[in-house]
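Letters go in sequence order (proteins before strands), and every chain restarts at 1. Below, each value reflects all heavy atoms present in this structure, side chains not excepted, and no hydrogens, waters or symmetry copies.
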Amino acid sequence: MENLLFIYNTLSRTKELFEPINPKFAGMYVCGPTVYGDPHLGHARPAITFDLVFRYLVHLGYKVRYVRNITDVGHLVADLDEGEDKIAVKARVEQLEPMEVAQYYADRYFYYMDKLNVKRPSIEPRASGHIIEQILMVEKILEAGYAYLVNGSVYFDVEKYSKTYDYGKLSGRVLDDLLSNTRSLEGQDEKRNSADFALWKKAQPEHIMRWPSPWGEGFPGWHLECSAMSTKYLGEYFDIHGGGMDLLFPHHESEIAQCQAAIGHESVKYWMHNNMITINGQKMGKSLGNFITLDQFFTGTHPSLQQAYNPMTIRFFILQAHYRSTLDFSNEALQAAEKGLKKLMESHNRLLKLIDGHSFEPDPKSKENWLDEAEKASPNIKELVNLCYQSMNDDFNTAILISHLFEAVRIINSESIEKPSLKSLDLLVLRSLFQTFVSDILGLKDEKSNDQGELLDGLMQLVLAIRQKSRETKDWGTSDQIRDALQKLKITVKDGKEGSAWNVE
RNA sequence: GGUUUCGUGGCCGAGUGGCUAGGCAGCGGUCUGCAAAACCGUCCACAGCGGUUCGACUCCGCUCGAAACCUCCA
């Protein structure tokens with residue numbers, strides 16, 4: 001089966017066939033977090049979106065290098081008039097070294113991303129560790145004539161750049177509008193044009209984060225790190241650059257301009273942007289003060305949360321929407337996701353039991369070559385496998401993929417051991433389908449079974465066997481006593497035709 | 001004001017020029033010692049107004065509404 005993957009390229013605003021620059025290899029750069037605050041739901045979206053892309057590219061057989069940066073210098077606080085470095089501000093408040101703050105929040109970020117089963121990228125470079133590369137890039141842009149030096153700061157000359165190239169091609173902005181929209185140039189502004197942006201900024205005396213440079217002590221402009229680090233680790237032309245839609249302008253637009261100016265050509269083939277998570281229809285973000293941290297989600301400690309939500313619920317919630325759509329947060333929606341995920345996972349467990357119930361010995365090779373096996377499966381199963389691939393190949397449409405997986409759930413739940421209608425091969429193909437799409441690609445895992453281990457499983461087998469005996473003698477008192485006691489331990493017993501099943505909470 | 005995008009049923013959320021999205025909730029059944037689960041069936045839709053078309057939720061235009069980014073700043 002041949003997989004033709006189509007990716008929506010923000011640059012062309014169409015879905016394009018993914019053809020890697022170097023066959024069999026894929027390079028991907030994604031804008032990571034600025035580590036000055038606890039990770040919130042807004043951080044989870046791009047992390048999970050591009051984790052999905054990473055996983056799927058790997059699944060398709062590409063050798064992927066996935067680079068996601070840690071921004072630990074340079075950003076300025078938007079709502080502070082002084083325009084201080086975000087990390088520097090926080091450092092003064094908490095009386096810590098700036099790098100101590102960055103380290104703390106980077107660790108927090110990794111911790112919560114691990115909880116969400118987000119795979120670690122191949123490389124996670126830090127801006128602070130690439131000051132030299134950034135300085136070299138500024139020098140290249142200066143040499144090329146697209147930047148100018150003022151009082152120890154270097155600015156990118158957007159107007160000059162626009163005479164040859166198209167500044168605005170990614171975000172659809174028109175330079176004349178950008179220029180004409182800003183008549184109120186203040187006297188102290190060093191920039192020639194309002195649209196210009198800093199490549200290197202001179203550090204003010206109170207500025208803690210600073211590095212020496214050919215232009216004096218300062219720090220890099222915030223668009224620069226991504227250009228410098230993507231070039232360093234992925235080369236001057238690479239496949240995918242991703243990030244949130246909020247970064248489209250000016251960040252990514254400026255990255256394009258920087259690379260064009262420094263390298264002489266564009267560096268990115270496919271631009272991908274995930275949409276925002278909204279809360280009451282409004283973007284969830286640090287600067288808006290309406291964000292909910294991941295820790296608050298996992299513990300349920302936020303006024304607007306009715307309960308705690310476990311990491312897989314949040315992952316599933318995010319994957320139920322297409323990555324280019326806004327996703328509106330609400331307790332109702334999350335609870336629906338929680339139930340849906342539970343249904344999916346329990347169906348998977350049921351499938352495994354169905355396979356256990358069969359006395360056939362599956363060929364160990366069948367797991368690796370399951371797509372060949374799928375060709376021989378019943379038509380509806382075979383079609384299901386195809387549909388799952390089709391939905392992923394259509395710009396990673398996880399919403400559709402999940403709807404197909406629920407078709408698999410229906411098939412599995414309708415199957416009975418006593419009156420089997422599926423071939424044993426079908427069951428094995430379904431198992432591989434779950435393994436591939438639910439576990440490997442969507443990255444969903446059954447937290448309960450992982451946590452509990454074999455001990456609990458064995459104990460439950462025993463308890464349920466004893467209860468079954470009491471039920472056979474119609475000793476409902478004992479039967480219900482066991483069930484009620486287990487329920488108090490958050491273990492639900494479900495009696496079916498083929499014995500009793502159980503699950504934790 | 002500019003740029004980009006969106007407006008789908010009780011909630012979330014896909015998609016398409018004519019054919020079922022899916023999940024959650026509701027309703028009616030089946031099963032069951034009871035409960036839960038599961039299965040079957042079912043209700044609720046495409047912001048408004050025009051246009052193109054044999055036919056539009058799907059294309060075009062306008063109106064209304066919403067969001068992100070920009071408009072001060074790196």
Side-chain angles (χ1 to χ4, degrees), chain A residues 10 13 74-86 153 155-156 168 170-174 176-186 189 191 194-201 219-224 244-254 273 275-276 278 280-283 285 316-317 320-322 324-344 346-347 350 387 391 394 397-407 409-410 412-416 471 474-476 479-480 483-484 487 492-497 500-503:
Chain A
T10 310
R13 304 198 184 276
H75 272 125
L76 299 176
V77 179
D79 51 355
L80 284 185
D81 297 334
E82 301 83 50
E84 291 169 286
D85 188 306
K86 277 180 181 174
S153 293
Y155 294 98
F156 192 91
L170 183 68
S171 57
R173 280 175 170 74
V174 181
D176 285 346
D177 293 340
L178 291 171
L179 297 177
S180 65
N181 274 338
T182 52
R183 294 287 166 196
S184 57
L185 288 172
E186 291 176 28
D189 199 334
K191 296 194 295 186
S194 59
D196 294 351
F197 54 88
L199 295 171
W200 186 266
K201 193 85 173 129
F219 54 93
W222 79 276
H223 308 309
L224 198 60
M245 269 185 188
D246 52 339
L247 298 176
L248 241 163
F249 188 90
H251 186 54
H252 291 159
E253 195 71 63
S254 301
H273 292 92
N275 216 318
M276 304 287 100
T278 58
N280 296 324
Q282 208 182 26
K283 175 185 168 184
F316 186 71
F317 173 67
Q320 260 192 319
H322 183 73
R324 283 190 288 113
S325 299
T326 54
L327 174 58
D328 199 51
F329 154 84
S330 69
N331 279 287
E332 212 177 352
L334 272 167
Q335 283 159 11
E338 184 177 53
K339 286 184 185 171
L341 176 63
K342 184 180 166 196
K343 185 172 174 180
L344 188 67
E346 292 196 352
S347 182
R350 183 179 162 81
L387 288 170
S391 51
D394 184 14
N397 197 327
T398 50
I400 293 291
L401 169 62
I402 288 170
S403 79
H404 292 315
L405 291 173
F406 275 106
E407 172 63 15
V409 167
R410 218 203 82 245
I412 292 164
N413 289 345
S414 300
E415 179 74 355
S416 86
R471 295 183 74 213
K474 297 203 192 300
D475 178 4
W476 307 125
S479 167
D480 290 352
R483 187 175 66 195
D484 294 345
Q487 190 61 58
T492 304
V493 176
K494 296 177 291 189
D495 297 330
K497 281 178 187 168
S500 301
W502 61 278
N503 68 280

List in chain and number order the residues that pass side-chain contact (heavy atoms from CB on, under 4.5 Å) with [X], two or more places apart in sequence or in another chain; answer none if no residue qualifies.
X: A:Ala321; result: A:Arg45, A:Leu327
X: A:Lys343; result: A:Phe406, A:Val409
X: A:Ala333; result: A:Phe317, A:Ser330
X: A:Glu253; result: A:Tyr167, A:Lys169, A:Leu170, A:Ser171, A:Phe249

Checklist entry - What pairs of residues pass the salt bridge (charged side-chain N to carboxylate O under 4.0 Å, His left out) test when at least one of them lies in residues 325-336 of chain A, not counting sequence neighbours? => result none
Next on the checklist: Could you check whether any side-chain heavy atom of A:Asp394 comes within less than 4.5 Å of a side-chain heavy atom of A:Ile400, counting everything from C-beta outward?
Outcome noted: no
Next on the checklist: Just so I know, are the side chains of A:Gln487 and A:Thr492 near enough to count as touching, which here means a heavy-atom distance under 4.5 Å?
Outcome noted: yes
Item to check | Phosphate OP1/OP2 of B:C72 contacted by A:Ser194 side-chain N/O (<4.0 Å) | outcome: no
Checklist entry - Distance check: side-chain N/O of A:Asn397 vs OP1/OP2 of B:A14, anything under 4.0 Å? => result no
Item to check | Secondary structure of RNA chain B in dot-bracket form (Watson-Crick or G-U wobble, distances below 3.5 Å, | marking inter-strand pairs) | outcome: (((((((..(((.....[...))).(((((.......)))))....(((((..]....))))))))))))....
Report the distance from atom [atom1] of [X] to atom [atom2] of [N], rounded to the nearest whole Å.
X: A:Arg324; N: B:G15; atom1: CZ; atom2: P; answer: 8 Å
X: A:Phe329; N: B:C11; atom1: CZ; atom2: C1'; answer: 13 Å
X: A:Leu247; N: B:U4; atom1: CG; atom2: P; answer: 19 Å
X: A:His223; N: B:C70; atom1: NE2; atom2: P; answer: 10 Å
X: A:Asn331; N: B:G10; atom1: CG; atom2: C1'; answer: 16 Å
X: A:Leu387; N: B:G15; atom1: CG; atom2: P; answer: 15 Å
X: A:Leu248; N: B:C69; atom1: CG; atom2: P; answer: 11 Å
X: A:Leu334; N: B:G13; atom1: CG; atom2: C1'; answer: 13 Å

Next on the checklist: Using the side chain to side chain donor-acceptor pair (under 3.5 Å) criterion, which residues pair with A:His322? Sequence neighbours excluded.
Outcome noted: A:Asp395
Item to check | Results of side chain to side chain donor-acceptor pair (under 3.5 Å) for A:Asn275 - residues two or more places apart only | outcome: none
Listed nucleotide nearest any side-chain atom of [X], set [options]:
X: A:Arg173; options: B:G13, B:C34, B:G2; answer: B:G2
X: A:Lys201; options: B:A74, B:A68, B:C70; answer: B:A74
X: A:Asp328; options: B:G13, B:C39, B:A36; answer: B:G13
X: A:Tyr155; options: B:C11, B:C69, B:A74; answer: B:A74
X: A:Ser414; options: B:C12, B:C40, B:C70; answer: B:C40

Please state the [atom1] separation for the pair [N] and [M] - nearest whole angstrom.
N: B:C39; M: B:C31; atom1: C1'; result: 8 Å
N: B:C59; M: B:G7; atom1: P; result: 10 Å
N: B:U8; M: B:G48; atom1: P; result: 10 Å
N: B:U20; M: B:C44; atom1: C1'; result: 16 Å
N: B:U3; M: B:G17; atom1: C1'; result: 30 Å
N: B:A56; M: B:G50; atom1: P; result: 13 Å
N: B:C27; M: B:G9; atom1: C1'; result: 15 Å
N: B:G55; M: B:C19; atom1: C1'; result: 13 Å

Checklist entry - How far does OG of A:Ser254 sit from CG of A:Asp196, to the nearest 0.5 angstrom? => result 10.0 Å
Checklist entry - About how many Å separate CG of A:Leu224 and NE2 of A:His251, when rounded to the nearest 0.5 Å? => result 10.0 Å
Under 3.5 Å, is there any donor-acceptor pair linking the side chain of [X] to the base of [N]?
X: A:Arg410; N: B:C39; value: no
X: A:Ser479; N: B:G33; value: yes
X: A:Arg483; N: B:A35; value: yes
X: A:Asp480; N: B:G33; value: yes

Next on the checklist: Just to be sure I understand the rule, does A:Asn275 reach a base, reach only the sugar-phosphate, or reach nothing, if contact means heavy atoms closer than 4.0 Å?
Outcome noted: nothing
Next on the checklist: Once you apply a heavy-atom cut-off of 4.0 Å, does A:Leu405 come out as touching a base, just sugar-phosphate, or nothing?
Outcome noted: nothing
Checklist entry - RNA chain B: A:His322 or A:Met245, which has the more 5' nearest nucleotide? => result A:His322
Item to check | Residue closer to the 5' end of RNA chain B, A:Ser330 versus A:Met276 (nearest nucleotide) | outcome: A:Ser330
Using the 3.5 Å cut-off, write out each protein N or O paired with an N or O of nucleotides 16-26 of chain B and the distance between them.
{"from": "B:A25", "atom 1": "OP1", "to": "A:Lys339", "atom 2": "NZ", "distance (Å)": "3.1"}

Next on the checklist: Is the ring pair A:Phe197/A:Phe156 parallel, tilted or perpendicular, if the boundaries are 30 and 60 degrees?
Outcome noted: parallel
